[in-house]
Structures are given as structure tokens and as C-alpha cells.
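Encoded as C-alpha cells, the structure appears first; notes follow it.
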Protein chains: 2
Amino acid sequence: MSTLGLKLRELREQAGLSLRKAAMQTDIDVAILSKMERGERKFSKELVLKLAELYKANSDKLVIDFLSEKVLYELEDEDFGLEALKVAEKQLKYKKNK
Amino acid sequence: MSTLGLKLRELREQAGLSLRKAAMQTDIDVAILSKMERGERKFSKELVLKLAELYKANSDKLVIDFLSEKVLYELEDEDFGLEALKVAEKQLKYKKNK
DNA sequence: ATTACCTTTGACAAAAATAGTCAACACATA
DNA sequence: TATGTGTTGACTATTTTTGTCAAAGGTAAT
């Protein structure tokens, strides 16, 4: 259930681009993009940015989704995932005021 | 500023164990433990659990710290780290009710 | 039924990140 | 000196991630 992949696939289709073309324009192998859109491989941040530009979409939200997915991946099957996120949030907020 | 490393070092000292002994009892190289305590290398969850047991400390909190650190590591220098954490939290909560 | 697209799949190799090993160092104290 | 402490860096091994490629299967039009 990769929400980022789904979103990027929708955006691509809305942009009227085939997988091949989108892959070519972003210098990536078609196979990889296919797998990424279906959540079989992880996106890289660089690719997300390239795709956002190609699809003329807002990149901020996509990057946030990208990061969120990365984080959730680290926490999958962890009993204390939620608690860990809370602690991380607290520390991040603190850090911002440094 | 590895809070997990600092905590585990304190716990070790409170347990009256030298780095060498703690390393031996957990089947790990001294050098690695030294580096982990000082944040130069990342802990593994397995080691955190072993150390918690060895030091007779509550492992839940330590695991939470461990996970939090792992998450923060992924988000370092990211502009939207906080937003990503919020999204991740929301998704994790949702997932729990599945 | 062949041409021209499309997406998906899997096998494989290359590259990068992580983890482990080891010997030596510097410091203190007995 | 001898023993115990923690630290460092160079090196290897292993695991994970990433990239490449060829082929398969689908659809639609000619």
C-alpha cells in the first residue's frame, strides 16, 4: 500500500505520459519506475523531485509523503513505533530551536 | 549527541561493567561498543535488548529511544521532517485500527 | 497475424552501506 | 613493569540497495 507510488502514478497518467516516457525524461530505467510506482522499490528523493517537476505537481507534499514512507518503513512491525515517533517529534522540535 | 549511547554508557557504569566485559557478555567487539556508545556507529535493536538485560534496565524505553534515533537519522537536514513525522503518525494510528 | 505500443517480471551484476575483525595507541593505577 | 581502562584506524566481509537487461504478456489498430 504505497500511497506515494499511487499518487505518482496518477499524476503521471494525468500528465498523459507513459511509463517509458516518464522514465526516459528522468533518466531512470522503466523497470525501476514501474516497481517504484507499485511500491516494490523505494523512491529516491531526487527522483520524486524530478517527477514532480515533470508532472508539474507540488513537490512539497510529495517529499513529505516520501519521507513519511521512509520513516514508516523503519518502524514496520515495531510495537513501539508510535511512541518512537512521538519522541522523535519532540526532539526534532527541540532541535529546531537551537 | 546520541542520547541512546549516553544512556547505555551510564547504565553500564552503574552496573559496574567495563566496556570490555559488557562487550564480551553480549558477543560484540569492544571497538564497536565503544563507537556505539559515542554515537559513531548505530546500535542494532538486538544489541540494545541484550544490553538492557545485562544492565537490568527497562528495555522498552531504550528501544523507543533506539527507534526514535533511527527515524531522526533519516530526517536529518530535511526541511519537512516535522511534517513527515506528523503524516507518519497519522498513518500509523490508522493502521493500528485495521 | 504482425506491428506498435504499453507495463510487468525476474535474473543478474554493480555499487554502496553496514557490520565485524584486529592490532595498536594513550592513559591511568597498582 | 604489568594490568586494566577506553579509543582509533585500517582493513575485510557481508548485507542491502541500486541499476541493467532481456523477455514476457497485454491491448489495440492496421
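Atom set for the values below is all heavy atoms of this structure, side chains included, hydrogens, waters and symmetry mates excluded. Letters A, B, ... mirror the listed sequences (proteins, then strands); counts begin at 1.
Of the candidate nucleotides C:dC6, C:dA11, C:dT18, C:dC6 has the atom lying nearest to any side-chain atom of A:K21. The side chain of A:A31 has D:dC21 as its nearest neighbour among C:dT21, C:dT8, D:dC21. The side chain of A:D29 approaches D:dT20 more closely than any other nucleotide in the set D:dG6, D:dT20, C:dT18.
The backbone N or O of A:A22 sits less than 3.5 Å from a side-chain atom of A:T26, completing a donor-acceptor pair.
With DNA chain D read from its 5' end, the first of the two nearest nucleotides for B:S18 and A:I32 is the one closest to B:S18. Place B:R41 and B:V30 on DNA chain D by their nearest nucleotides, and B:V30 ends up nearer the 5' end.
Distance, A:K35 NZ to C:dG10 P: 8 Å, rounded to whole Å. The nearest whole Å value for the distance from the CG atom in B:L19 to the P atom in D:dT8 is 12 Å. As a whole-Å value, the separation of B:R20 CZ from C:dA23 C1' is 11 Å. B:M36 places its CE atom 16 Å from the P atom of D:dG6, with the value rounded to the nearest Å. D:dT8 atom C1' lies 15 Å from atom CD of B:E37, rounded to whole Å. One atom, CG of B:D27, and another, P of C:dG20, lie 11 Å apart when rounded to the nearest Å. For A:F43 and D:dT17, the CZ to P distance is 16 Å, given to the nearest whole Å. Look at CD1 on B:I28: it is 14 Å from P on D:dT7, rounded to the nearest Å.
Residues B:K93 and B:E89 are paired through a salt bridge, judged by an N-O separation under 4.0 Å between the basic side chain and the carboxylate. Taking the charged nitrogens against the carboxylate oxygens, A:R12 and A:E37 do have a contact shorter than 4.0 Å, which makes a salt bridge.
The CE atom of B:M36 sits 7.5 Å away from atom CG of B:L33, with the distance rounded to the nearest 0.5 Å.
For C:dC6, the OP1/OP2 oxygens have no side-chain nitrogen or oxygen of A:R12 closer than 4.0 Å. For C:dT9, the OP1/OP2 oxygens have a side-chain nitrogen or oxygen of A:R38 closer than 4.0 Å. For the pair B:S34 and D:dG6, the criterion of a side-chain N or O lying under 4.0 Å from OP1 or OP2 is not met.
Across all strands shown, B:K42 has heavy atoms under 4.0 Å from sugar-phosphate atoms exclusively, and none from any base.
Using a 4.5 Å heavy-atom cutoff, the side chains of A:E74 and B:L67 are not in contact.
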